[in-house]
Amino acid sequence: KNEVEQSPQNLTAQEGEFITINCSYSVGISALHWLQQHPGGGIVSLFMLSSGKKKHGRLIATINIQEKHSSLHITASHPRDSAVYICAVTSNTGNQFYFGTGTSLTVIP
Amino acid sequence: EAQVTQNPRYLITVTGKKLTVTCSQNMNHEYMSWYRQDPGLGLRQIYYSMNVEVTDKGDVPEGYKVSRKEKRNFPLILESPSPNQTSLYFCASSSGTGNTIYFGEGSWLTVV
């Protein structure tokens, strides 16, 4: 069972391109998280959403609760954005987290 | 500085030899949890704790134990490690499940 699905699994972009990563989930949630994992393993939280849209620098995250879908956008992509981006949800029926398998992004100069 | 600290970061051990991975946070968070990350499977929750003396199983608890005697600490115990527990382990904390998650740097564990 996959409570959280992400697409694409792998993405290669030229520097400066606009990037979109999608996340769909099948459970009721209290929150959705976008995480970034760089080579070497460390995981950083980028956004936590329960509705609407959030923006931080060149990153934008949106969520549509009715459609159970979220997107992460990166504007003017840069090689330092190369990382694995992970979507995670907090179930509203308990206290568990469910994770997508991640999108591996490579931005080429 | 807000931190989640895990130790050890790297460990090679033998089958059956008990080990403990420690996790400590300095943010006074109630919620703490352990995950393992495996290629193709992503992150999976092992155990979580809502507060001191309150722990519960995640998706993959078999072969693991936890305890939460103090708010800041949440150790992961492998009583009798097996090779299928070779993985990258993360500890995380937050002030609640609907709030920002803070992850430790990860612990690479190899069981031979």
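Chain identifiers are assigned alphabetically (A, B, ...) following the order of the sequence lines, protein sequences preceding nucleic acid strands; residue numbering begins at 1 within each chain. Hydrogens, waters and symmetry mates are skipped; everything else that's a heavy atom, side chains included, is used. Keep in mind that this is a model prediction, so the values were computed, not measured.
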All pairs passing disulfide bond (SG atoms under 2.5 Å apart) where residues 67-112 of chain B contributes a residue, at least two apart: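 Those involving residues 67-112 of chain B are B:C23-B:C91.
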Which atoms of [X] approach chain B - backbone, side chain, both or neither, heavy atom under 4.5 Å:
X     : answer
A:Q9  : neither
A:L49 : neither
A:I29 : neither

For residues 101-109 of chain A, run the donor-acceptor check on the side chains, cut-off 3.5 Å, and write out each pair with its distance to 0.1 Å, sequence neighbours left out.
unit_1	atom_1	unit_2	atom_2	d
A:T103	OG1	A:Q6	NE2	3.2
A:T103	OG1	A:P8	O	2.6

Could you tell me whether the side chain of [Y] reaches within less than 4.5 Å of the side chain of [X], counting heavy atoms only?
X      : Y      : value
B:Y102 : B:T100 : yes
B:Y47  : B:Y64  : yes
A:L11  : A:Y85  : no

Contact residues of residues 52-81 of chain A (partner chain B; heavy-atom separation under 4.5 angstrom): none
Test item: side-chain donor near acceptor, B:S33 and B:Y35, under 3.5 Å: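 Result is yes, a qualifying pair exists.
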No-hydrogen, no-angle side-chain donor-acceptor test under 3.5 Å, B:D38 and B:S87: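 Yes - a donor-acceptor pair under 3.5 Å links their side chains.
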Pairs of heavy atoms under 4.5 Å with chain A: top-ranked of B:D56, B:I101, B:L41: B:I101
Toward chain A, the part of B:Y31 with a non-hydrogen atom under 4.5 Å: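 The side chain, not the backbone.
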Pair listing, salt bridge (Lys or Arg N to Asp or Glu O under 4.0 Å) test, anchored in residues 97-112 of chain B, at least two apart: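 Matches after skipping sequence neighbours: B:R9-B:E105.
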